[in-house]
A.B. asks: 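Here it is, the structure in full.
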Amino acid sequence: MIIDETALRVILSRMPDGFVFEHFAHKILSIVLGDEFIPVGGSGDQGIDGFQFIYQRKERSKLIYQISTEEVHWKQKSNKITETVTKLVRNTIGFDKLYFVTNRKVHRKDSVQENLYSEHEVDVIIYDQEWFVTQVLADPNATDVYLSFLETYVHEYNKPGKLIEVADFSGDSRLYAFLRHQVDEGGNEAIEENILDGLILYSLEETGSEKGVFKDVSEVITSINKITKFKVHDFEAKVESRLLKLSSNGAKKIKHHTKENYFCLPYETRIELAERDVKDLELQEAFKEESLGVIKNNLSIVETKVLNVYELFEEILHSIYYRQGLEFSDFVLYHNDKDIIDQSLQTIVFKVVDESRVVIENRGSVKKALLLSLREIAYNGTENQREYLRRMSKTYMMVFLTQNDPKISLFFKSLANKLEVYVGTSIIVPAFSELFLENENKRYWNLLLGARAAGVSLKVNEYIIDELVSHIRGINNTYLGLYKHCESDYLEDEITFLYIDEILLRSYFYARQRSRISDFNSFLMKFVDPSLSTLRSDIIQFLKDVFGIEYVTLSSQKVTLDNEEVQKLIDHLKATKKSEKRAEVDAKLILHLYKLREINNETDNAGIFGYKTWWLSQDINTFRSVKEVFPEKYDVSCYMRSDFMYKYISLSPKKEDIDLLYRKCFPNLLGVNLSYHIPQGVSEFVSQKITEHKDTEPTIVKRTLKNLTERLMSATEAVGAKQLKSYFEDELEKLSTGN
């Protein structure tokens with residue numbers, strides 16, 4: 001296989017932390033040098049970061065290898081290499097030669113090596129990015145290691161255009177804990193409501209009846225969006241429902257002026273929040289003052305001064321929550337996994353300092369001072385320091401479980417890029433019906449657009465197109481036979497048309513009432529030629545142009561169905577009261593998709609993302625029949641729930657929105673304020689799953705992630721959310737319940 005050299009360099013440079021690069025470097029070094037590598041041991045003072053990422057050859061123990069993602073500058077006298085040399089000498093570990101192994105490109109390597117020898121009389125050999133590129137391109141075994149690394153750690157997603165990220169999903173506890181919570185605990189609706197409540201109260205803090213300051217629903221939403229682009233299912237509707245809930249007699253947290261539909265904080269709530277805000281501000285100031293004292297003391301020990309050092313420390317805290325928030329929060333709240341935190345803190349501190357304006361000559365001492373300070377504050381801090389970090393960590397747990405974590409967001413973006421989804425008529429027909437709705441009410445429409453934008457490959461085949469053709473012809477006949485001559489009965493009010501069975505006809509009357517169209521032909525014209533003479537090709541073209549859905553012919557896929565299997569499934573589906581035609585289409589479609597999985601060898605290639613071929617549908621009965629007719633052969637569903645696609649793919653938080661949220665919260669007063677709203681027991685559950693992940697063998701973790709992902713996608717009972725409903729269904733339900 002020909003390796004793309006440019007892509008190889010990009011991937012090497014984007015390895016996110018020392019642990020991922022360490023895994024890759026070990027394998028390449030073992031192949032090239034034909035030896036194993038064992039951690040260097042020592043006694044006494046091993047330095048602030050021990051011998052992390054320092055190894056010796058098993059057969060030639062005096063050859064030492066330092067694996068690092070840290071930048072090394074040729075003018076820099078104190079750097080990762082000199083620190084390692086000092087550490088080895090201090091601990092009386094003899095060595096003949098030191099190899100510095102890095103994923104970065106080291107400029108003027110000869111000068112770096114000469115300077116190190118002249119200063120320390122130590123032979124240093126640098127294996128940098130160029131060395132790895134040479135090995136991967138020249139050695140077939142190294143090439144195989146790289147290709148295996150690509151499969152496991154390198155992920156593509158759309159932004160638009162293909163972007164790549166290097167990430168370890170199975171080795172990181174975040175994905176395991178998140179999926180466990182979504183599947184085992186039924187998702188995060190209660191947490192979303194708690195966060196929304198906090199954001200609503202925060203947005204209303206300047207309001208009050210006696211002040212004459214109010215906000216309507218749209219102004220509250222605007223205020224929240226200034227704080228963060230908080231994405232939940234039907235966000236605007238949920239803000240309104242939470243406003244009403246908070247103003248109900250049971251809560252009375254806010255005041256609702258029903259005539260104007262304005263909201264404000266009552267005096268009692270304002271006093272309560274004002275007192276809380278004063279305490280929170282005092283806590284933030286105390287944390288700053290006490291932490292700054294620790295930092296300055298450690299800077300004096302290393303005899304270094306830094307301008308705006310607290311801003312640098314805040315950037316480190318921000319990066320900890322952004323890159324290692326789950327494990328750090330778990331440690332802060334429950335004192336678990338100190339060793340894991342200890343390893344990750346160094347990587348984060350060093351990266352932040354390397355990217356700062358600290359002069360190159362001072363970076364080594366600044367890193368040491370800040371790392372010592374961070375450990376002192378996190379492990380042995382004052383009560384104010386511990387409380388501040390506890391509050392931040394509680395807020396992190398909340399945003400994590402609402403999918404607002406960079407690693408979780410990347411997982412679902414990467415998953416989307418791998419999916420090939422056949423879109424059923426139970427999704428397409430409601431999407432057609434939403435053409436004339438306001439954008440915020442277009443649930444199926446936005447599901448398809450969002451899925452396509454996320455990188456999902458959306459498809460239809462002849463079975464689906466045949467069904468759509470039949471459906472639209474049927475709608476046309478129903479209109480001509482039942483509604484054409486009595487349209488006025490359905491246009492007189494806003495309610496009657498909602499009781500029509502066919503959702504496309506509801507859409508027609510909705511559009512007529514609003515003068516968006518003049519007659520039924522103009523309605524059909526939006527999708528197909530009204531004569532229906534080119535109906536099949538018109539539907540295919542509309543799906544392609546509007547949603548990017550690709551039409552795939554059956555003959556192009558060379559799938560051969562077992563006629564006996566097809567008939568068995570048809571008979572069972574007919575017994576569930578499906579019509580013969582519908583039973584035949586559904587049976588052939590689902591067995592066709594199973595055959596595609598088989599042809600593509602998806603069972604073997606699934607990985608943690610699971611299968612790539614799915615049927616997006618509201619129909620859960622077909623797979624139930626498959627399980628009953630073929631209980632062993634087709635044990636994994638190929639049916640994907642619409643609410644999964646909508647919530648986890650189409651509404652997956654964007655990186656820029658997550659970045660904004662973390663800047664607003666970590667570390668910030670908002671991060672302290674939101675900590676009041678975490679439901680009891682949530683962080684305890686997450687902590688248990690972090691421990692479970694740590695104690696589980698890697699192969700079992702990977703299998704579990706695959707099974708959890710597939711279960712979240714395909715459970716016949718919705719996990720953590722209700723099945724997606726159209727706007728028209730919701731309106732009809734409101735009428736029937738009186739809400």
Side-chain angles (χ1 to χ4, degrees), residues 418-429 457-471 473-474 536 539-540 543 549-607 609-642 644-645 703 706-707 709-711 713-717 723:
K418 296 177 185 296
L419 294 175
E420 292 188 3
V421 177
Y422 287 78
V423 187
T425 55
S426 61
I427 303 295
I428 294 173
V429 171
S457 177
L458 300 175
K459 300 176 183 292
V460 289
N461 60 17
E462 291 171 42
Y463 299 130
I464 297 168
I465 293 298
D466 286 347
E467 207 171 354
L468 285 170
V469 167
S470 176
H471 186 84
R473 288 194 186 280
R536 186 181 186 82
I539 292 173
I540 292 171
L543 292 174
I549 298 176
E550 177 189 0
Y551 172 61
V552 183
T553 62
L554 298 177
S555 59
S556 68
Q557 295 181 317
K558 299 178 181 179
V559 171
T560 302
L561 299 181
D562 184 319
N563 291 330
E564 186 177 342
E565 281 190 353
V566 172
Q567 192 56 54
K568 280 184 180 179
L569 189 53
I570 289 173
D571 292 341
H572 195 280
L573 289 169
K574 284 165 60 180
T576 65
K577 299 184 179 180
K578 282 193 177 185
S579 68
E580 174 131 12
K581 180 63 178 174
R582 185 61 183 268
E584 180 183 357
V585 169
D586 290 349
K588 288 182 176 179
L589 176 57
I590 199 166
L591 292 175
H592 179 87
L593 298 185
Y594 278 116
K595 284 294 181 183
L596 285 178
R597 284 183 171 182
E598 183 181 321
I599 290 170
N600 296 328
N601 196 25
E602 293 182 32
T603 300
D604 185 55
N605 298 327
F609 295 99
Y611 290 92
K612 74 173 186 177
T613 303
W614 295 86
W615 176 25
L616 180 63
S617 175
Q618 300 279 52
D619 173 17
I620 61 175
N621 293 319
T622 302
F623 176 64
R624 287 175 177 170
S625 291
V626 168
K627 286 181 69 176
E628 291 185 29
V629 178
F630 313 107
E632 295 182 3
K633 185 171 183 179
Y634 303 117
D635 57 334
V636 179
S637 176
C638 67
Y639 149 76
M640 179 184 287
R641 297 189 348 260
S642 58
F644 168 82
M645 180 69 83
R703 184 185 68 216
K706 172 185 177 294
N707 292 339
T709 301
E710 289 173 347
R711 188 175 168 194
M713 284 196 277
S714 63
T716 52
E717 297 299 330
Q723 277 283 31

A.B. asks: Of all residues at least two apart in sequence or in a different chain, which pass the side chain to side chain donor-acceptor pair (under 3.5 Å) check with Thr603?
C.D. replies: Tyr611
A.B. asks: Decide whether Gln567 and Asn563 meet the rule of one side-chain donor and one side-chain acceptor closer than 3.5 Å.
C.D. replies: no
A.B. asks: So do Trp614 and Ser714 actually touch side chain to side chain, heavy atoms under 4.5 Å?
C.D. replies: yes
A.B. asks: Taking all non-hydrogen atoms of both residues into account, name the closest pair between Arg711 and Arg641 and its distance.
C.D. replies: O-NH1, 4.1 Å
A.B. asks: Do Ile590 and Leu569 come within less than 4.5 Å of each other through their side chains, counting heavy atoms only?
C.D. replies: yes
A.B. asks: Which atoms form the tightest heavy-atom contact between Ile599 and Gln557, and what is the distance?
C.D. replies: CD1-O, 4.1 Å
A.B. asks: When you look at Asp619 and Arg582, which way does the salt bridge (charged side-chain N to carboxylate O under 4.0 Å, His left out) test go after all the steps?
C.D. replies: CA-CA 11 Å; Asp619 173 17; Arg582 185 61 183 268; 5.1 Å; no
A.B. asks: I need the single residue from Leu589, Leu596, Thr553 that forms a side-chain contact (heavy atoms from CB on, under 4.5 Å) with Asn461. Which is it?
C.D. replies: Leu589
A.B. asks: Begin from the C-alpha positions of Glu598 and Lys595 and carry the test salt bridge (charged side-chain N to carboxylate O under 4.0 Å, His left out) through to its verdict.
C.D. replies: CA-CA 5 Å; Glu598 183 181 321; Lys595 284 294 181 183; 3.8 Å; yes
A.B. asks: Is the closest side-chain donor-acceptor distance between Glu565 and Tyr594 under 3.5 Å?
C.D. replies: no
A.B. asks: Can you find a side-chain donor-acceptor pair between Thr622 and Lys578 that sits under 3.5 Å?
C.D. replies: yes
A.B. asks: Run the numbers on Glu628 and Arg624 for salt bridge (charged side-chain N to carboxylate O under 4.0 Å, His left out), then give the verdict.
C.D. replies: CA-CA 6 Å; Glu628 291 185 29; Arg624 287 175 177 170; over 6 Å; no
A.B. asks: Is Arg536 reaching over with its side chain to a backbone N or O of Val469, donor-acceptor style, under 3.5 angstrom?
C.D. replies: no
A.B. asks: Would you find more than 12 non-hydrogen atoms of other residues, nucleotides or ligands less than 6.0 Å from Lys568 atom NZ?
C.D. replies: no
A.B. asks: Is there a side-chain contact between Ile570 and Asp586 (heavy atoms, below 4.5 Å)?
C.D. replies: no
A.B. asks: Counting N and O atoms only, with roles assigned by atom type, does the side chain of Asn600 sit under 3.5 Å from a partner on the main chain of Glu602, one being a donor and the other an acceptor?
C.D. replies: no
A.B. asks: Less than 4.5 Å apart, side chain to side chain, heavy atoms only: is that true for Tyr463 and Glu584?
C.D. replies: no
A.B. asks: List in chain and number order the residues that pass ring-ring contact (aromatic ring centres under 6.0 Å, His included) with Phe644, two or more places apart in sequence or in another chain; answer none if no residue qualifies.
C.D. replies: Tyr648
A.B. asks: Could you verify whether a donor N or O on one side chain and an acceptor N or O on the other, from Ser642 and Gln618, lie under 3.5 Å apart?
C.D. replies: yes
A.B. asks: Do the non-hydrogen side-chain atoms of Ile464 and Val423 ever get within less than 4.5 Å of each other?
C.D. replies: no
A.B. asks: Who passes salt bridge (Lys or Arg N to Asp or Glu O under 4.0 Å) against Glu462, sequence neighbours left out?
C.D. replies: none
